[in-house]
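Each chain gets a letter, A, B and so on, in the order the sequences are listed, and its residues count up from 1.
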There are 2 protein chains.
Amino acid sequence: MSPRVGLDLKTIVKAAADIADADGIEAVTLGTLSRKLNIRPPSLYNHVEGLPGLRKELALYGIKELEKCLALAAAGKALDDAVRSMGEAYLAFARRKPGLYEATFYTIDMGDTDIKLASDKIVNVVIQVLQQYGIDGENAVHATRGLRSILHGFASIVQKGGFAMEIDINESFHFLIDTFLMGIKNKCI
Amino acid sequence: MSPRVGLDLKTIVKAAADIADADGIEAVTLGTLSRKLNIRPPSLYNHVEGLPGLRKELALYGIKELEKCLALAAAGKALDDAVRSMGEAYLAFARRKPGLYEATFYTIDMGDTDIKLASDKIVNVVIQVLQQYGIDGENAVHATRGLRSILHGFASIVQKGGFAMEIDINESFHFLIDTFLMGIKNKCI
DNA sequence: ATTATAAAACTAATACCATTAGTTTTGGGA
DNA sequence: TCCCAAAACTAATGGTATTAGTTTTATAAT
């Protein structure tokens, strides 16, 4: 048994990510993607379970890429340095790959095992950093959920162009991270 | 001059909101909506500028409803009480009207004047509450952006079913709000 | 080298979607 | 009663996802 080799999933998903980054996640259709890959739309079904399957693969790719960025940013750093570095990496990712970041939250099935597994890896990176503050069990979960909310909320609003005023957005981000850290330290210690 | 009266925009937008809440924002199409209203799809163009126009109206409706909830929650309360009450109202809205809340962030044009105006009203409610802490000019913007990020991030993750662990979600929310408040008070005062 | 095979890519067809153009209906004001 | 403008309609177009069934083709075994 040994078939011919055609396109592989990685190539397909990367092409989809390029479309998403260039024209938004809604521009990722089997039509636009197949045109970019020089094949006919039905051929994609050999690699992906229709549009929902493609979206899942794209979300998975985005989550994994984001996790790599966050892990790299936190590596070798501790406490506030690690949190700030991780926050900057998160925001930078959302800016650098707006469509791919969008895909990590766009019509994804949080019940899906693969998605859950990849998401858990991000959660673990965040937990490891926050544990350095000596936050205990249940509070560690609260703090992790909090930081995740902050990062996603801010990045999501930035990505949608939601901060209109002239005030510097990066300063607002640092303000928020520092406020969170200040709160954590005055609360859990 | 006086034409016949048919459907009005409010009826249409509310029907769209019902579909969004029941089956998700992607289920809101001119087809499903026209079926629910017992008309043919092209008739909707008499009231709304196609699907993009419908989505704008839906987002606008959601933003206005949310603003009403937040203003009501903050009314007559001060400082931490006001912030906590507002936070709870925000999260409750996202849970009660998941599809409509989704619409407030789904393919909306932040450059649109109506959207910007409605959004500004929400921002003003938040600013008014935070000003009670005596935060000055630029920091007030940072703090407002921060609280908005927290509320949207948390609500958005909840709505997508992103918090998987057994730990109580409401407790996590209160933890986050309190952490933010603690941070603000130890930072700006 | 030849051939069998399994996957990849294809064509054809269906059903749904948004949208436009042009027609018919209809209800309130004169 | 009649007018007319808005509302709703029909018909048609081009895009979308998807399925079924066919053809192509690279590889692995002969």
Side-chain angles (χ1 to χ4, degrees), chain A residues 1-61 99 102-103 106-109 112 115, chain B residues 1-61 99 102-103 106-109 112 115:
Chain A
M1 48 182 168
S2 57
R4 79 157 143 163
V5 310
L7 284 170
D8 69 318
L9 190 57
K10 192 127 216 166
T11 305
I12 292 173
V13 173
K14 279 188 177 174
D18 286 344
I19 295 174
D21 288 335
D23 302 326
I25 186 76
E26 276 201 311
V28 178
T29 70
L30 299 186
T32 58
L33 181 56
S34 66
R35 259 191 296 280
K36 193 183 185 79
L37 295 167
N38 289 312
I39 57 174
R40 261 17 82 200
S43 306
L44 286 169
Y45 285 76
N46 287 317
H47 305 278
V48 138
E49 289 182 359
L51 186 60
L54 173 63
R55 284 175 175 169
K56 175 188 154 173
E57 294 299 334
L58 192 58
L60 218 45
Y61 174 60
E102 215 180 347
Y106 187 81
T107 59
I108 64 168
D109 177 13
D112 183 276
I115 295 283
Chain B
M1 49 183 169
S2 57
R4 77 158 143 165
V5 309
L7 286 170
D8 69 318
L9 189 57
K10 192 127 215 164
T11 305
I12 293 173
V13 173
K14 280 188 177 174
D18 287 343
I19 296 173
D21 287 335
D23 302 325
I25 186 75
E26 277 201 311
V28 178
T29 70
L30 299 187
T32 58
L33 181 56
S34 66
R35 261 191 294 279
K36 192 183 186 79
L37 295 168
N38 289 311
I39 57 174
R40 262 16 83 198
S43 305
L44 286 169
Y45 286 77
N46 287 316
H47 305 278
V48 136
E49 289 182 358
L51 186 60
L54 174 63
R55 285 176 174 169
K56 175 188 155 174
E57 294 299 333
L58 191 59
L60 218 46
Y61 174 61
E102 213 181 347
Y106 187 80
T107 59
I108 64 169
D109 178 12
D112 181 277
I115 296 283

Rounded distance (Å) that lies between atom P of C/dA18 and atom CG of B/Leu33: 10 Å

Answer with base, sugar-phosphate or nothing: what part of the nucleic acid does B/Arg35 contact at a heavy-atom distance below 4.0 Å? sugar-phosphate

Give the rounded distance in Å between these two atoms: CG of B/Leu54 and P of C/dT19. 10 Å

Pairwise side-chain contact, B/Leu58 with B/Ile25, heavy-atom cut-off 4.5 Å (strictly under): yes

Can you check whether any acceptor in the base of D/dA8 is under 3.5 Å from a donor in the side chain of B/Asn46, or vice versa? yes

For the residue pair A/Leu54 and A/Ile12, establish whether any side-chain heavy-atom pair is separated by less than 4.5 Å. yes

For the side chain of B/Pro42, starting at C-beta, report the closest nucleotide among D/dA11, C/dC10, C/dC17. D/dA11

Just N and O in the side chain of A/Ser43: are any of them under 4.0 Å from OP1 or OP2 of C/dC10? yes

Are B/Leu37 and B/Leu44 side-chain neighbours, meaning at least one heavy-atom pair lies under 4.5 Å? yes

Less than 3.5 Å apart, any donor N or O on the side chain of A/Thr11 or A/Asp8 sitting next to an acceptor on the other? yes

Look at the side-chain N and O atoms of B/Arg40 and state whether any lies under 4.0 Å from the OP1 or OP2 oxygen of D/dA8. no

How many Å lie between CG on B/Leu51 and C1' on C/dT20, as a whole number? 16 Å

Here the distance between atom P of C/dT20 and atom CG of B/Leu44, to the nearest Å, is 13 Å

Report the residue (A/Thr32 or B/Ile39) whose heavy-atom-nearest nucleotide on DNA chain D is the more 5′ of the two. B/Ile39

To the side chain of A/Val5, which of D/dT27, D/dT18, C/dA18 is closest? D/dT27

Between D/dA8 atom P and B/Leu30 atom CG, what is the distance in whole Å? 14 Å

Rounded off to whole Å, could you give me the CD-to-P distance for the A/Glu26 and C/dA18 pair? 12 Å

Side-chain N or O of B/His47 less than 4.0 angstrom from OP1 or OP2 on D/dA6? no

Return yes when atom CD of B/Glu49 has more than 12 non-hydrogen atoms of other residues, nucleotides or ligands closer than 6.0 Å, and no otherwise. no

So, is B/Tyr45 close to the C/dT20 phosphate, meaning a side-chain N or O under 4.0 Å from OP1 or OP2? no

